[in-house]
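Worksheet for the structure shown next.
Within every chain, numbering begins at 1; the chains are lettered A, B, ... in the order of the sequence lines, protein sequences first and strands thereafter.
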Protein chains: 2
Amino acid sequence: MVFPIKLDFFRYYCVLFLRFTLFLKSKHKYADEVLVIDKLEFLLALAREKHFGHAAEACGVTQPTLSAGVKQLEETFGVLLVNRGSRFQGFTPEGDRVLDWARRIVGDSRAMRQEVHALKHGLAGRLRLAAIPTALAMVETLTTPFRARHPAVQFTVLSRTSTEILALLENLEIDAGLTYLDNEPLGRVTAVPLYMERYRLLVAADAPLSDRESVSWAEVAQVPLCLLTPDMQNRRIIERMLRDTGVEPNITLESDSMVLLYSHVRTGRWASVMPARLATTLGLTDSDKLCSVPIEGPEVTHSIGLVAPAREPLTPLTAALVTQARRIAPSLLD
Amino acid sequence: MVFPIKLDFFRYYCVLFLRFTLFLKSKHKYADEVLVIDKLEFLLALAREKHFGHAAEACGVTQPTLSAGVKQLEETFGVLLVNRGSRFQGFTPEGDRVLDWARRIVGDSRAMRQEVHALKHGLAGRLRLAAIPTALAMVETLTTPFRARHPAVQFTVLSRTSTEILALLENLEIDAGLTYLDNEPLGRVTAVPLYMERYRLLVAADAPLSDRESVSWAEVAQVPLCLLTPDMQNRRIIERMLRDTGVEPNITLESDSMVLLYSHVRTGRWASVMPARLATTLGLTDSDKLCSVPIEGPEVTHSIGLVAPAREPLTPLTAALVTQARRIAPSLLD
DNA sequence: CTATCTTGATAGATATATCCTATCGATTGA
DNA sequence: TCAATCGATAGGATATATCTATCAAGATAG
């Protein structure tokens, strides 16, 4: 019975203290309500790290500095933004709203810097992208022509799950993503459809089923499979197809790495299921080692495309990427 | 007793590492590129005042402070933003772009504050509006029901020309405006049509034409008229109608004040042309002193409505006003 | 239940930034 | 030519930002 009382008392004390501090502050001469964008970045970092120390490190400052920054925000708004016990306990409702605006303002300020820089030095900088594993091979069709037009632009490409991509986008940690457009709610994003994902069986040339014109999902379910881990949407889609046949699939190996899956398929002991376009793009079927066999049955296709923030205007780099995506889309959509 | 030693060693290592990182990060220790929103406001003030001293006064700082603020912005971006000779000579192209972003960021930061405030204290604050003179009487139909719902909200309403309203809106000096929707290019705004402007002749009860069922534009052109000044779009519209009859209109008095026009019409020596709705809303025709006579001829109507920034989301106050406008619009559009 | 670790807050010191007043130099106008 | 206007600059007072070091309150492991 001691804890609740102490906790309540602590909170009460916090609120009282904050009010008192606010009262004192109002007498100070300057910076009554100076909003520094860097402090908003503190809030963003805190939102993704959920830890004052880690957030501080991410911002390149010490923990007391970040704590003070957040507290200053709370003082300017006159509201507690973060629920604190002995540790970070999430944001208050007001904090959530401020966080939303902070994302927008920080994004805009970055876009502003980038645009001015682009006016001076042409389109340059680093585009941060993330793609679902099965779309990784497609990134090239976007980046290669883009770089031909804008040689000064650099890329960072991460392999992530579809949900992670949306979260990264929301937190301004990436500029755009390549992911499914039609399965999960996308939220506030600009989407450019690029191609449809169709599935094929990938097997070694000397493995069973390799000489077939086509196979059924039921047959696929009976060979030892290596697939992506279940946190990937691609895996869930394929697994659904397999289970719909009534046969319990034989998924003997899973990984989050496409390279690992390939290397196993090459041994002839495993097979895998992957998007048709992926196999051909990588030229895996050019050698005589691997075959990709069409899978019969209901044509399940999933639209994959570029997602960027729904903000208007976009940063010059992101805008150029979206333009590039719109340009190549017709040649990909069969 | 092994742990403390290890811990100390770890901490020592951490500190060394941190120092090293900081050393690499910057030669200047702090604030290499700190963006303060207040400085962006300096830029907005400079854009509308076109004068360093006046802009400084508008921001509540001295001129050197504003000069330094602008210069700091220029240093952060590494570009000149303002063309200076011995005086303010406008913005550079980069300056114009920064100005555009500054408007957006400043607007968002205000909206953020307002929203947090609204979460704490309910919808409160001051709505800054501007309306064209002929729409002034209509403002009441918007503000009265609005205040009934949100009693804590205060209003500031300015009488301005339609072009001024758009400029004020652009510079965040007003939250919304009441103006013509279909005559001039509106730019980036949200528009809510409210009603159509139709014209009537306003005359004293004992003046010529007062007993007519209706009059023609040609007849109107022959009586001494008092109208708004030519910078008002309303005046230009009416004048066009009059000239189209081929008769040179007899505009013997012009003013930017509707009250002045009324007081002259009441003498019986002048007549005026005004929107039908305006006369009835003010109850001018209830007394026996004034009559409003329908004008025959081509039905020229001009749509009038509420304009607000095209930004999304709007500030809570502006959003509530737009909602209110949408609510009352059906009862106004006949 | 105790010892230890983790986490965020706080204190004190110092460097930095901000702002004001006063003044200057250049242009503009009379 | 002289005064007025405009924006830049210098110098000094003061607020602010950041660091290091440390603390106290949970959480955790033994």
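- Closest approach to the B:T62 side chain among C:dT21, D:dC19, C:dT10 is made by C:dT21 (side chain taken as heavy atoms from C-beta onward).
- Taking the six-membered ring where tryptophan is involved, the planes of A:H54 and A:H51 are essentially parallel, since the angle between them stays under 30° and well short of 60°.
- Within residues 51-58 of chain B, the residues approached by DNA chain D to less than 4.0 Å at the level of any non-hydrogen atom are B:H51, B:F52, B:G53, in residue-number order.
- Within the structure, every side-chain polar atom (N or O) of B:T65 is placed at least 4.0 Å from both OP1 and OP2 of C:dT18.
- Once rounded to the nearest 0.5 Å, the distance linking NZ of B:K50 with CZ of B:R48 reads 11.0 Å.
- Taking every side-chain heavy atom of B:P64 into account, C:dT21 is the closest of D:dT20, C:dG8, C:dT21.
- Whole-Å rounding puts the A:F42 CZ to C:dG8 C1' distance at 15 Å.
- Atom CG in B:L166 sits 11.5 Å away from atom CG in B:N171 (nearest 0.5 Å).
- One interatomic measurement links the two molecules: CD of B:E75 to P of D:dA8, which rounds to 12 Å at whole-angstrom precision.
- Note that the CZ atom of A:R235 and the OG1 atom of A:T161 stand 14.0 Å from one another [nearest 0.5 Å].
- Here the P atom of nucleotide C:dA9 and the CG atom of A:N83 are 12 Å apart, to the nearest Å.
- Taking atom CZ of residue A:F88 and atom P of nucleotide C:dA9, one finds them 11 Å apart after rounding to whole Å.
- Listed nucleotides D:dG7, D:dT18, C:dG8 differ in distance to A:K39; the shortest reach to its side chain belongs to D:dT18.
- Taking a cutoff of 4.0 Å between a charged side-chain nitrogen and a carboxylate oxygen, A:R160 and A:E173 do not qualify as a salt bridge.
- Remark: B:L81 CG to B:L99 CG distance equals 9.5 Å, nearest 0.5 Å.
- In terms of heavy-atom proximity, A:T318 sits nearest to A:P309 at CG2-CD, 4.4 Å.
- Between D:dA8 and B:R84, a contact under 4.0 Å exists linking OP1 or OP2 to a side-chain N or O.
- Side-chain N/O atoms of A:S257 and A:S255 include no donor and acceptor closer than 3.5 Å.
- Between the CD atom of B:Q63 and the C1' atom of C:dT23 there is a distance of 12 Å, given to the nearest Å.
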Which protein N or O atoms sit under 3.5 Å from an N or O of nucleotides 28-30 of chain C?
none

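- Taking CZ from B:R188 and CZ from B:R103, the interatomic distance works out to 8.5 Å, rounded to the nearest 0.5 Å.
- Shown here is B:E57, whose CD atom has no more than 12 heavy atoms of other residues, nucleotides or ligands within 6.0 Å.
- Atom pair A:E74:CD and C:dA9:P shows a separation of 8 Å (rounding to whole Å applied).
- Atom CG in B:L66 sits about 10 Å away from atom P in D:dG7, given to the nearest Å.
- Listed nucleotides: C:dA22, D:dA17, C:dG8. Nearest to the side chain of A:Q72: D:dA17.
- In terms of phosphate contacts, A:K71 brings a side-chain nitrogen or oxygen within less than 4.0 Å of OP1 or OP2 of C:dT10.
- We find that CG of A:L35 is positioned 12 Å from P of D:dA17, with the value rounded to whole Å.
- When the nearest nucleotides of DNA chain D are assigned to B:S67 and A:A68 by heavy-atom distance, the more 5′-ward of the two goes with B:S67.
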